[in-house]
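In what follows, every chain begins at residue 1, and chains take the letters A, B, ... in the order their sequences are listed.
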Amino acid sequence: MAVRVCLGFLILLLYSNFSTALYEDQVGLADWHQKYIGKVKQAVFPTQKTGRKRVVVSTEENVIASLDLRTGDIFWRHVLGKDDHVDQIDIALGKCSILRAWNLPDGQMMWESALYGSTPSKSLLFVPANINLGKGNRILVFSGGWLHAVSSIDGEIVWKKEFAIDSLEIKQVFQPLESDIIYAVGFVGSSQFSVYQLSSKSGEVLKHNTASFPSAFCGEVALVSSDMLVALDATRSALISISFQSGIINFYQTYMSDLVQDFSGMAALLPVKFTGMFAMKTVSGIYLVRVKGVSVLEIIEKFNHPASVSDSLTLSGEQQAFAIVQHAETKIDFKVKLDKDLRNDVLKETVEMDSQRGHVQKVFLNNYVRTDKSHGFRALIVMEDHSLLLVQQGDVVWSREDGLASIIDSTTSELPVEKEGVSVAKVEHNLFEWLKAYKKGEKGLIIINIVKITNAGHALKLKGTLMLASPDEIAAIQAMRLKSSERNKMTRDHNGFRKLIIVLTRAGKLLALHTGDGRIIWSLLLSSLHRSEACEHPSALNVYQWQVPHHHAMHENPSVLVVGRCGPSHDALGVFSVVDSYTGKERNSLKLVHSIIQVIPLPLTDSTEQRLHLIIDANLQAHLYPRTRDSVNIFLHEMSNIYWHSIDVGKGLIRGYSLRSGCNLDVVDEYCFNTKELWCIVFPSETEKIATMATRKMNEVVHTQAKVLADQDVRYKYISKNILFVATVAPKAAGEIGTVTPEEASLVAYLIDTVTGRILHRVIHQGAQGPIHAVVSENWVVYHYFNLRAHRYEMSVIEIYDQSQADNKDVWKLVLGKHNLTSPVSSYSRPEVMVKSQSYFFTHSVKAMAVTATAKGITSKQLLIGTIGDQVLALDKRFLDPRRTATPTQAEKEEGIIPLTDSLPIIPQAYVTHALQVEGLRGIVTIPAKLESTTLVFSYGVDIFFTRIAPSRTYDSLTEDFSYALLLITIVALVAAIFVTWILSEKKELREKWR
Amino acid sequence: MVGAAEEAQLNRLESQVDNGGGGVWEYLCLVRKLKARRSEKVLKHGLSILNDPKSRSRLGGDEWTLYEQVAIAAMDCQWLDVAKDCIATLSKKFTGSLRVGRLEAMLLEAKGAWADAEKAYARLLEDNPLDQAMHKRKVAMAKAQGNISAAVDFLNKYLEIFMADHDAWRELAEIYVSLQMYKQAAFCYEELILSQPTVPLYHLAYAEVLYTMGGLENLQAAKKYYASTINLTGGKNTRALYGVCLVRYPGYFTHGFSPS
């Protein structure tokens with residue numbers, strides 16, 4: 001009994017120590033959460049009564065969402081797995097080999113049916129136009145070589161028919177209106193065209209015709225009418241009209257050069273659905289072509305680039321409408337045409353567009369009936385930066401910055417100092433302009449509101465603290481706290497909570513988010529990452545801090561470096577751009593003459609505080625940036641101390657290099673340096689495959705090297721910036737969990753010194769496999785993997801200590817600062833190291849892992865684990881302490897060592913994201929605040945979430961909702977009471993005297 | 001008892017105040033503390049403060065103490081009008097206060113209305129029978145009237161209640177000595193020595209009373225007390241030394257030298 005009580009007490013103690021939970025009213029004070037969906041691939045406008053104000057979209061981030069057409073808010077949203085690409089959506093929605101249907105109003109899944117295909121192929125979905133769920137219509141799905149007819153009520157497969165024979169590739173499946181025949185058309189090989197007619201009731205093949213065409217097809221097909229197709233030939237220079245009416249297949253070839261004047265290059269058919277028309281794209285522009293018969297093609301209109309065409313939309317009659325959007329500098333022209341009357345525009349609008357959104361990529365047209373029964377049109381427009389806009393009546397009704405769903409890298413920047421009037425004004429001005437563009441005059445209203453609120457605020461707040469406030473007032477206080485202007489200021493604050501998070505999205509857009517409320521301060525679509533002749537497929541890679549002025553060059557604004565490359569391969573030429581992080585203007589941009597393999601920010605800055613960066617190209621030559629004499633001088637001075645390493649995952653090699661001056665280039669380039677291989681670690685390719693690696697963060701601060709144990713013993717942490725953690729798995733076990741037996745799987749963890757290539761420690765986990773996530777900090781590594789024997793996830797910790805400092809063991813010497821640590825620490829020396837490690841079970845699988853970072857490194861650390869539920873869990877490092885034992889001694893308990901348990905506890909209050917989910921979590925970034933106790937946490941995926949956490953509570957500051965008014969009133973009341981009692985006592989004394 | 005240093009300070013302050021150098025209040029406080037009898041100066045300077053409302057209000061609660069001090073000084077100087085004014089102010093402020101009542105009785109005393117004063121004291125003592133000051137005033141009044149036996153009576157009554165009051169014991173001893181009631185006086189001195197054995201003056205006085213009474217035993221005892229006085233003073237008390245000589249050779253100085 002006593003033991004149980006003791007245990008209970010201990011657990012209580014543990015929980016009270018580690019809970020960092022929030023109160024309900026603190027939600028949203030320090031954190032913000034923004035929901036995004038990603039770049040829209042497809043949009044469907046429901047026509048049913050309830051869904052008329054909504055649009056269903058599927059995106060490149062595998063999100064299916066229903067948006068409000070009036071505000072752009074998300075009604076419901078489903079984030080599908082990483083490998084569950086959405087192929088096509090319609091009123092009923094479908095995807096690759098699994099077909100799912102969702103209820104429109106609330107997004108609940110109605111049914112799911114798995115379709116089994118033998119060969120991988122593109123999937124097609126056809127939903128009959130007159131679908132009505134009540135009637136039990138069938139949805140036709142072509143997937144994996146099979147054509148399935150699926151009941152729209154419960155997802156049951158009514159019949160299926162295999163087409164996989166003869167390398168047939170079905171291109172279109174359709175069912176003409178009011179007909180029982182299903183047409184499936186496709187190519188056999190590259191030159192045979194084939195038409196199947198199937199019965200919609202049973203799937204029987206009614207008719208099958210094949211015809212071969214003398215030259216080859218390229219595969220692109222546009223369905224013009226129910227008996228005609230237009231295809232491109234293999235050279236993409238001729239159009240082939242195919243008619244297959246009543247089983248007779250006719251081909252007619254039209255050369256592009258006949259159709260289009262001065263045609264050159266290749267043409268492509270646009271995947272838009274028209275009747276009697278199709279759209280094609282060439283180098284010179286987009287053409288709308290009308291098909292009048294098999295042999296008659298006529299160009300109706302040509303649009304110069306950049307332009308975009310929407311699908312056709314059937315209006316009430318037999319009329320069809322479609323939209324064309326053309327770009328003209330800062331404006332876009334939005335035109336709607338009817339197919340009956342192509343010469344004239346039904347609607348022509350010009351919409352002002354922010355230049356930072358790039359070109360229009362996709363248009364989805366929707367109509368509505370005005371009060372006078374005429375048709376009104378609105379369009380969803382997807383821009384180059386992945387943002388989504390709704391255009392109606394010549395105005396942007398709403399916009400969503402959905403590029404933020406695909407963040408690839410982030411960094412932070414300080415805000416301007418308050419006293420520097422000039423730069424503050426600049427940023428404010430910037431902000432104002434931004435606001436003006438987006439909100440138009442709402443700012444004034446907001447300011448008035450804020451002023452009103454602050455006047456009444458203090459009294460209310462005080463009421464709240466004294467617990468006198470009514471529920472309404474409490475709500476008002478809460479709203480006020482959330483709106484607090486203090487945290488949204490555009491200046492640096494004392495605690496370092498206000499910063500700019502600069503994120504780089506996949507679209508090549510750079511956005512600066514304010515940490516106070518997550519609003520966008522500025523955004524910049526990098527012109528250097530714009531598609532151009534020289535740079536066909538630009539992609540952004542990383543963003544680095546380029547200039548952080550704090551001692552010298554204070555008048556300069558800080559800036560960030562964005563690195564990208566021009567193509568998907570590693571030897572594509574690099575792109576380099578420097579952006580001012582206050583104003584969001586591109587300061588400098590360079591097209592590099594070499595490729596980018598690796599960017600190494602050096603711990604050196606030049607006289608203007610620009611950080612030196614080494615860029616390693618594909619020929620293993622190092623290029624120094626910035627390219628100034630000053631930086632070369634600084635670099636040459638330190639060159640002998642600079643080492644770098646490269647990891648070749650494919651070959652299982654890790655190589656270490658040093659630098660030498662001189663470059664094997666034809667031109668003399670003093671900023672180019674040669675590299676020399678120093679060491680090489682080869683992993684045996686038959687037993688080990690590199691799975692993951694991790695290094696310490698460059699900017700991590702360690703408070704002290706010494707660790708004093710309970711028995712007055714001192715241990716010295718092995719703190720080297722050059723430590724590299726590499727984990728390898730058996731090549732067989734590199735795949736999914738469950739594909740191998742525990743005997744075949746093994747995981748080897750290495751700690752490697754990257755200067756000398758020395759393996760400091762190596763440990764094998766038998767029967768373990770990936771996915772592995774690792775984080776390195778100070779002198780420890782924590783990694784997460786799957787244990788096949790135990791069928792559970794495990795986390796291991798390795799701590800590494802320096803034994804060469806073992807003679808400095810006197811605690812008192814350490815306390816008095818008399819210990820002899822002046823002996824230089826060199827990577828060349830071979831210090832004896834001691835390693836301790838321990839493993840624990842962990843319930844969750846992990847998506848991302850990070851560790852908190854504080855300004856001085858004094859505060860204890862927490863691991864931030866992105867769980868499979870897209871939440872961020874904060875786990876105290878004390879749980880991952882290899883010195884934990886099952887029965888710690890009293891001294892060890894006092895030191896804070898937790899009794900060893902076989903699994904790590906998951907405390908519900910320790911979720912940093914509390915009730916929210918960061919859908920599609922991909923990364924967690926920790927940024928130290930100026931306040932030692934606090935870390936800023938930014939996590940991103942499809943959503944973005946920011947908060948600040950205090951791993952050891954905020955021991956160095958008052959809470960934000962601390963009532964200064966109450967304190968003041970208490971002091972005043974006390975002083976008054978002192979005076980009153982003093983006077984009373986004086987009187988009493990006098991009366992006593994004269995009694 | 002006023003020490004030499006304090007006396008010097010008092011004199012210095014007095015000359016400073018007389019020459020208009022300020023520090024009036026400090027002077028008055030010191031006078032009160034040392035219980036010095038400088039009624040004329042106290043009256044003169046105290047009145048100067050009391051007549052100035054500004055400096056009077058600066059005193060706060062001590063204002064009333066000053067009124068009392070000035071009233072007593074005025075009575076001492078027979079400026080009865082001033083005393084009357086002061087007492088009237090005080091009785092207005094503290095109605096029914098014993099302390100003011102005592103002052104009123106003292107005023108009656110100063111006027112020479114002994115019977116009225118006695119009545120007043122008796123009335124006040126009825127309310128508060130344990131008021132030392134009142135008892136003492138009665139003794140003083142009896143003494144002032146020359147009614148020594150009444151004073152002795154009052155003192156004895158007083159000492160029955162307040163046995164630890166050594167000043168009263170000394171007063172009584174001195175009265176007895178003046179009445180040549182040496183035995184009683186010796187008893188008083190014994191009490192004093194018991195209560196304050198380190199004060200050499202009591203030893204000396206007791207020795208002298210014993211010597212005066214005469215007789216062998218008393219002389220022997222007197223010698224011992226002279227000796228203890230010498231012991232306590234470190235041999236610096238001339239009178240004690242002389243007393244030892246007297247006791248050693250009784251009749252030497254009165255009856256001429258005898259060889260025995």
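Checked for salt-bridge contact, B:Asp18 and B:Lys41 meet the test: a charged N lies under 4.0 Å from a carboxylate O. Between B:Glu63 and B:Arg56 a salt bridge is recorded (basic side-chain N to carboxylate O distance below 4.0 Å).
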Identify every side-chain donor-acceptor pair in residues 973-990 of chain A under 3.5 Å, counting partners at least two apart or on other chains, and give the distances.
from: A:Thr981; atom 1: OG1; to: A:Ala977; atom 2: O; distance (Å): 2.8
from: A:Thr981; atom 1: OG1; to: A:Ile978; atom 2: O; distance (Å): 2.9
from: A:Ser985; atom 1: OG; to: A:Trp982; atom 2: O; distance (Å): 2.9

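Near-neighbour residues of residues 127-164 of chain B relative to chain A, defined by a heavy atom under 4.5 Å from a heavy atom of that chain, are none.
B:Glu109 places no side-chain N or O within 3.5 Å of a backbone atom of B:Trp114 that could act as its donor or acceptor partner.
Around NZ of A:Lys930, the count of heavy atoms belonging to other residues, nucleotides or ligands within 6.0 Å exceeds 12. Under a cut-off of 6.0 angstrom, the local environment of CH2 in A:Trp32 is crowded, with over 12 non-hydrogen atoms contributed by other residues, nucleotides or ligands.
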